[in-house]
Peer 1: 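Take this structure, written in structure tokens, and hold onto it; I'll ask about it next.
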Amino acid sequence: MLQNYVPILIFLGIGAMVGMGAIAFSRVLAPNKPNLEKGSPYECGFEAFEDSRMKFDVRYYLVAILFIIFDLEIAFLFPWAVVLEEIGMFGFLSMMLFLGILVVGFIYEWVRGALEWE
Amino acid sequence: MELMLSYMQGWPDWIQVTLINVVKIVVILIPLLLAVAYTTYAERKLIGYMQIRIGPNRVGPRGWLQPIADALKLLLKEAAIPTNANRYLFLVAPVISITAALAAWAVIPVSDTLLLTNIDAGLLYILALTSMGVYGVIIAGWASNSKYAFLGAMRSAAQIVAYEIAMGFALVGVLMAAGSLNLGEIVRGQQGSFLDWYVWPLFPLFLVYFISGVAETNRAPFDVAEGESEIVAGFHVEYSGMTFAVFFLAEYANIILISALTAILFLGGWHAPIDTPFTIVPPGLWFIGKAALVLFFFLWFRATFPRYRYDQIMRLGWKVFIPVTLVWIAVLGFFMFFTPLGHMFH
């Protein structure tokens with residue numbers, strides 16, 4: 001059973017090697033002459049000012065939090081969908097109850113404006 | 001393969017297994033990387049024709065060698081690393097992107113027998129790896145220490161995360177119909193004529209999945225993460241030479257992956273649309289043809305649609321796609337359990 005996953009492990013290794021190999025290979029072949037101008041961050045020709053790791057909009061956090069809730073929901077739905085035929089009507093209705101509760105939360109988010117981006 | 005096996009007789013088992021797998025992986029990777037290279041060429045050529053231009057036509061006959069010239073050029077260009085960047089993360093980011101984009105191909109069944117490994121958690125593995133790809137983008141934006149890169153990474157992260165949910169729900173619909181996470185089983189569930197493909201009972205989910213796929217890969221019209229006219233090149237603004245090329249490869253490998261998955265999940269994978277005359281064409285070619293058709297839409301979208309505004313993208317993801325998929329999952333279950341039409345859905 002687990003033997004089927006061995007090729008995946010090897011593939012991940014080779015995938016990483018393709019990326020690293022290409023970068024390393026060009027490191028050897030390509031010129032490498034860093035200077036002050038080349039090494040400064042691009043800001044349309046201006047001198048860079050302030051730190052670029054600035055404060056950002058709190059809505060990005062909100063999206064991340066909402067994502068966790070919904071992604072967990074999907075994590076529940078995946079195994080449920082696979083065995084749906086075996087668990088039958090009872091399984092279907094209990095998941096609908098669960099989804100119903102989540103939809104209430106979703107409507108609350110919507111009404112409170114958590115999904116607005118303007 | 002036979003020759004190799006006889007040559008390796010007597011070697012330890014794990015070396016044999018590893019070497020055979022390495023050969024198989026290379027056999028997958030070479031056509032894949034060629035496909036990536038020629039997708040970039042097809043894109044430039046197609047968009048050229050759609051805009052009544054010729055497109056690249058200098059290198060080789062009709063420009064056929066253009067992607068190879070591009071690759072060589074990028075290989076020989078200096079990959080500048082910004083002074084203020086976090087060097088280690090800056091170089092790791094493209095590698096993460098390409099690893100995720102390539103390794104997902106381990107479970108794609110080209111035909112009934114033509115696949116690297118047959119795992120039961122195939123779809124879960126794909127979902128996990130495509131989610132890994134976003135780390136490459138975020139790390140690149142953070143490590144560059146540049147404002148545009150940072151903005152691009154933030155936008156990209158929020159966008160991918162929003163569409164990941166819609167995509168996940170769309171996949172739940174496929175799972176309900178197929179009853180398996182194994183990609184091969186999902187295709188076998190669609191056996192028969194083209195009327196048996198999941199695209200019909202799951203039509204809204206098909207649309208949501210495909211459009212989410214376009215958004216997940218940061219393609220036009222959802223390419224705000226690298227919107228040239230607003231934030232220059234977004235998360236890879238500081239990347240040059242081969243480090244940029246690796247991101248580019250990963251993006252196109254992901255596009256081809258989404259096309260292949262759309263073909264597998266909704267368009268019947270390697271099955272021919274009608275039985276008798278069309279089964280002469282080998283199943284692998286049907287699969288590649290379907291994936292190529294979906295891929296064409298990616299390029300067509302780029303030539304046709306203007307870029308969405310960021311708030312429009314988020315509204316589409318959260319307020320249209322998620323409700324549509326939720327409702328369709330309920331409708332699907334309702335049909336399966338409460339109506340005599342149930343057999344249509346599996």
Side-chain angles (χ1 to χ4, degrees), chain A residues 4-8 10-12 14-16 18-20 22-23 25-27 29-34 36 38-44 48 51-54 56-57 59-60 63-64 66-67 70-71 74 77-78 80-85 88-89 92 95-96 99 103 106 110 115-118, chain B residues 17-18 21-22 24-25 29 75-84 91 94-95 98-99 102-103 106 116-119 124-125 144-148 150 154 158 161-162 164-165 168-169 172 175-176 179-181 232 237-238 241-243 245-246 310-311 314-315 318-319 322 326 330 333 337:
Chain A
N4 285 341
Y5 290 84
V6 172
I8 287 177
I10 300 171
F11 209 137
L12 282 169
I14 290 182
V18 168
M20 286 190 286
I23 292 172
F25 194 49
S26 99
R27 203 87 185 139
L29 289 179
N32 185 24
K33 304 190 199 89
L36 191 64
K38 217 184 272 176
S40 64
Y42 174 71
E43 274 182 29
C44 301
D51 188 30
S52 58
R53 282 153 193 175
M54 53 206 166
F56 55 84
D57 204 323
R59 279 178 300 199
Y60 288 109
V63 167
L66 294 181
F67 168 70
F70 279 98
D71 213 37
I74 291 169
L77 279 168
F78 259 51
W80 167 80
V82 171
V83 295
L84 188 58
E85 251 155 72
M89 181 91 80
F92 173 67
M95 187 49 95
M96 284 303 114
L99 279 184
V103 166
F106 186 64
W110 193 320
L115 306 176
E116 300 296 332
W117 203 270
E118 204 53 67
Chain B
V17 171
T18 311
N21 279 315
V22 168
K24 282 184 185 166
I25 289 166
L29 275 184
L75 189 66
L76 296 174
K77 289 282 180 186
E78 174 176 2
I81 300 177
T83 329
N84 290 332
L91 291 176
V95 176
I98 190 100
T99 309
L102 293 183
L116 179 66
T117 180
N118 182 19
I119 59 171
L124 212 53
Y125 168 75
S144 298
N145 206 349
S146 154
K147 291 194 184 75
Y148 290 122
F150 187 71
M154 296 304 301
V161 144
E164 182 96 18
I165 298 170
F169 278 133
V172 168
L175 294 180
M176 285 169 77
S180 173
L181 279 161
V232 201
V237 66
E238 297 295 339
M242 208 59 205
T243 49
V246 170
Y310 196 67
D311 62 307
M314 295 309 267
R315 192 177 61 215
W318 287 99
K319 292 189 172 174
I322 292 177
L326 272 174
F337 286 108

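Note that this is a predicted model, so its numbers are computed, not measured. In the text below, chain A, chain B and the rest are named by the order of the sequence lines, each starting its count at 1.
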Peer 1: When heavy-atom pairs shorter than 4.5 Å are enumerated against chain A, which of B:Met154, B:Met314, B:Glu164 gives the highest number?
Peer 2: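 That would be B:Met154.
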Peer 1: So which of B:Ile165, B:Ile98, B:Leu29, B:Val22 has the biggest tally of heavy-atom pairs under 4.5 Å with chain A?
Peer 2: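 It is B:Ile165.
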Peer 1: Angle class for the B:Tyr310/A:Tyr60 ring planes (parallel below 30°, perpendicular above 60°, tilted otherwise)?
Peer 2: tilted
Peer 1: Select one option (side chain, backbone, both, neither) describing which atoms of B:Val161 are under 4.5 Å from chain A's heavy atoms.
Peer 2: both
Peer 1: Taking all atoms of both residues into account, what is the closest heavy-atom pair of A:Phe11 and B:Ala103, and its distance?
Peer 2: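 Result for this residue pair: CD2-CA, 3.8 Å.
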Peer 1: Between A:Ala16 and B:Thr99, which heavy-atom pair has the shortest distance, and what is it?
Peer 2: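 Heavy-atom minimum between the residues: CA-OG1, 3.3 Å.
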Peer 1: Calculate, to the nearest 0.5 Å, the distance between atoms CG and CZ belonging to B:Leu75 and A:Arg27 respectively.
Peer 2: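 So the CG of B:Leu75 and the CZ of A:Arg27 are separated by 13.0 Å.
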Peer 1: Of all heavy-atom pairs between B:Trp318 and A:Phe106, which one has the smallest distance, and what is that distance?
Peer 2: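 For B:Trp318 versus A:Phe106, the nearest heavy atoms are O-CZ, 3.3 Å.
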Peer 1: B:Lys319, B:Arg315, B:Met242, B:Lys77: which one forms the most heavy-atom pairs within less than 4.5 Å of chain A?
Peer 2: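 With the most close heavy-atom pairs to chain A, the winner is B:Lys319.
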Peer 1: Find the one option among B:Leu124, B:Thr18, B:Leu76 whose heavy-atom pairs under 4.5 Å with chain A are most numerous.
Peer 2: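 Result: the option with the highest number of such pairs is B:Leu76.
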Peer 1: Between CG of A:Leu77 and CZ of B:Phe169, what distance do you get to the nearest 0.5 Å?
Peer 2: 6.0 Å
Peer 1: Answer with side chain, backbone, both or neither: which region of A:Leu12 has an atom nearer than 4.5 Å to a non-hydrogen atom of chain B?
Peer 2: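 Both the backbone and the side chain of A:Leu12 come within 4.5 Å of chain B.
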Peer 1: Is A:Val103 close to chain B through its backbone or its side chain, or both, or neither, when contacts mean heavy atoms under 4.5 Å?
Peer 2: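 Contact with chain B is through the side chain of A:Val103 alone.
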